[in-house]
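Notes for the one structure printed next.
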Amino acid sequence: FSHQSPDFCARGGVHMVDSRYCAAVLVLAQSFVTSWSSAEAEINEPRAKYHYQMFCQGCHTPDGSGVNAVPPLKGMMGVFLRSQRGREFMVQVPGSATSKLKDAQLAEVLNWCIENFAGSSLINGEYRPYTADEVGRLRQSPLQEIDHTRAAVLAEIARLPETGEI
């Protein structure tokens with residue numbers, strides 16, 4: 001159809017657009033936004049696992065259980081996701097914040113770790129995936145002191161209702 005439809009409002013000189021056209025544009029816009037958002041959170045399993053193996057598992061071990069003074073990821077990642085401060089903590093620890101991985105790669109690895117290690121620590125098995133933008137912003141402020149910060153974050157989370165604050 002032509003954008004010069006007969007639905008022209010002479011009073012204001014406003015072109016009344018065909019409602020079918022508006023609906024089509026909205027559907028296309030929605031599908032673009034939906035596919036972009038889901039693409040942002042999609043995990044390339046082999047790549048994420050490779051990055052975990054190369055940059056994380058030396059300390060966190062292949063199954064995420066941690067070794068020596070390195071805390072486990074297994075069964076704990078969902079706990080940290082219960083608060084905004086806990087969510088930030090997982091990006092700001094030195095291993096994440098100073099990693100050679102690009103922001104999108106680190107977001108993917110964190111999301112892969114959540115999928116593989118959070119287990120029942122996730123509330124209702126759901127979480128909000130990290131994005132490259134969020135990771136890029138948070139890693140600008142790496143933590144200098146880990147143990148006390150981790151303890152404070154966990155104490156804060158322990159005071160929250162079972163559903164967390166996020």
Path from [X] to [Y] over hydrophobic side-chain contacts below 4.5 Å:
| X | Y | answer |
| --- | --- | --- |
| Ile43 | Leu122 | yes |
| Val91 | Leu143 | yes |
| Leu101 | Tyr50 | yes |
| Trp112 | Val93 | yes |
| Val79 | Met77 | yes |

query = Which residues satisfy the salt bridge (charged side-chain N to carboxylate O under 4.0 Å, His left out) test with Glu115, sequence neighbours excluded?
reply =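 Glu115 satisfies salt bridge (charged side-chain N to carboxylate O under 4.0 Å, His left out) with no other residue.
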key: Set of residues satisfying salt bridge (charged side-chain N to carboxylate O under 4.0 Å, His left out) with respect to Lys49, sequence neighbours excluded   = none
When rounded to the nearest 0.5 angstrom, what distance separates [atom1] in [X] from [atom2] in [Y]?
| X | Y | atom1 | atom2 | result |
| --- | --- | --- | --- | --- |
| Ser121 | Met76 | OG | CE | 7.5 Å |
| Leu154 | Arg159 | CG | CZ | 11.0 Å |
| Gln84 | Glu156 | CD | CD | 10.0 Å |
| Cys113 | Lys74 | SG | NZ | 13.0 Å |
| Leu81 | Arg128 | CG | CZ | 8.5 Å |
| Leu110 | Ser96 | CG | OG | 5.0 Å |

So, the side chain of [X] versus the backbone of [Y]: is there a donor-acceptor pair under 3.5 Å, distance only?
| X | Y | value |
| --- | --- | --- |
| Glu88 | Gln92 | no |
| Arg85 | Ile157 | no |
| Glu42 | Asn44 | no |
| Asn111 | Tyr130 | yes |
| Arg139 | Ser99 | yes |

ask   = Of the non-hydrogen atoms in Val153 and Gly86, which two are nearest, and what is the gap between them?
value = CG1-CA, 3.5 Å
task = List the atom of Asp103, the atom of Ala132, and the distance in Å for their closest heavy-atom pair.
result = CB-O, 3.5 Å
message = Under 3.5 Å, is there a donor on one side chain and an acceptor on the other for Ser65 and Asp63?
response =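 Yes, because at least one side-chain N or O of Ser65 sits under 3.5 Å from a partner of the opposite role on Asp63.
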Table please: side-chain donor-acceptor pairs of residues 51-59 below 3.5 Å, with sequence neighbours left out.
residue: His51; atom: ND1; partner: Arg47; partner atom: O; Å: 3.4
residue: Tyr52; atom: OH; partner: Thr61; partner atom: O; Å: 2.6

request  = For residues Arg87 and Leu138, determine if any side-chain heavy atom of one lies less than 4.5 Å from a side-chain heavy atom of the other.
outcome  = no
